[in-house]
Novice: 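My questions all concern the structure below.
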Amino acid sequence: MLSWMGAVLTSIVLIPQSYKIIRTRDTQSLSLYMYIIFELSATVWITFAILSNQPAIIVTNSIVAVLASIILILKIINIIKKNEKP
């Protein structure tokens with residue numbers, strides 16, 4: 001039960017940031033490298049959780065990976081279109 005409570009809290013942490021970025025498309029103040037590392041981290045955690053059969057970690061990091069991917073994609077689009085710095 002405690003693992004699922006942690007999973008829910010970890011999963012919702014990126015919702016406000018994702019919502020704001022989707023709404024405003026403003027990613028100028030975000031670090032490209034931080035989101036790349038964040039994505040890699042989520043992927044490693046998902047792999048670990050699959051191999052060790054830990055559903056709470058799979059669900060949590062899958063949600064985090066999706067939300068971070070949205071932010072990362074919008075950041076990359078803004079870098080390309082607006083000559084924004086990484």
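In this chain, numbering begins with 1 at the start of the sequence shown.
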Novice: Does any part of the side chain of Ile70, heavy atoms only, come nearer than 4.5 Å to the side chain of Ile21, both counted from C-beta?
Specialist: no
Novice: With a 4.5 Å cut-off on side-chain heavy atoms, are Leu30 and Gln17 touching?
Specialist: yes
Novice: For Ile79 and Thr27: C-alpha separation, side-chain torsions, deciding distance, then whether side-chain contact (heavy atoms from CB on, under 4.5 Å) applies.
Specialist: CA-CA 9 Å; Ile79 289 170; Thr27 60; over 6 Å; no
Novice: For the OH atom of Tyr19 and the CD1 atom of Ile22, what is their distance to the nearest 0.5 Å?
Specialist: 9.5 Å
Novice: How long is the straight-line distance from CZ of Phe38 back to CG of Leu67, given to the nearest 0.5 Å?
Specialist: 9.0 Å
Novice: Hydrophobic cluster membership, with links at side-chain heavy-atom distances under 4.5 Å among I/L/V/M/F/W/Y: are Leu14 and Met5 in one?
Specialist: no
Novice: Search all heavy atoms of Ile71 against all heavy atoms of Ser18 and return the closest pair with its distance.
Specialist: CD1-OG, 3.5 Å
Novice: Taking transitive links into account, so neighbours of neighbours count too, which hydrophobic residues share a cluster with Phe48 at under 4.5 Å side-chain distance?
Specialist: Trp45, Ile57
Novice: Nearest heavy-atom pair of Ile58 and Ser62: which atoms, and what distance?
Specialist: O-OG, 2.6 Å
Novice: Treating Ile, Leu, Val, Met, Phe, Trp and Tyr as nodes and any side-chain heavy-atom pair under 4.5 angstrom as an edge, say whether Ile63 and Val44 lie in one connected cluster.
Specialist: no
Novice: Once rounded to the nearest 0.5 Å, what's the spacing between atom CD1 of Ile36 and atom OG of Ser31?
Specialist: 8.0 Å
Novice: Taking atom CG of Leu2 as the centre, does the number of heavy atoms from other residues, nucleotides or ligands within less than 6.0 Å exceed 12?
Specialist: no
Novice: Going hydrophobic residue to hydrophobic residue with side-chain gaps under 4.5 angstrom, can you get from Val8 over to Val13?
Specialist: no
Novice: Which heavy atom of Val64 sits nearest a heavy atom of Thr10, and at what distance?
Specialist: CG2-O, 3.7 Å
Novice: About how many Å separate OG of Ser11 and CH2 of Trp4, when rounded to the nearest 0.5 Å?
Specialist: 8.5 Å
Novice: Which heavy atom in Leu72 sits nearest to a heavy atom in Glu39, and how many Å separate them?
Specialist: CD2-CG, 3.8 Å
Novice: How many angstroms lie between CD1 in Ile76 and NZ in Lys81, if you round to the nearest 0.5 Å?
Specialist: 13.5 Å
Novice: Please say yes or no: joined through hydrophobic side-chain contacts below 4.5 Å, possibly via intermediate residues, are Tyr35 and Ile80 part of one cluster?
Specialist: yes
Novice: How close do Arg25 and Asn78 get, heavy atom to heavy atom, and via which atoms?
Specialist: O-ND2, 2.8 Å
Novice: Hey, quick one: are Val66 and Met34 part of the same hydrophobic cluster, counting side-chain heavy atoms closer than 4.5 Å, chains of contacts allowed?
Specialist: yes
Novice: Would you check if the side chain of Asn53 reaches a backbone N or O of Pro55 as a donor-acceptor pair within less than 3.5 Å?
Specialist: no
Novice: Work out which heavy atom in Ala65 is nearest to a heavy atom in Ile46; give both atom names and the distance.
Specialist: CB-CD1, 4.3 Å
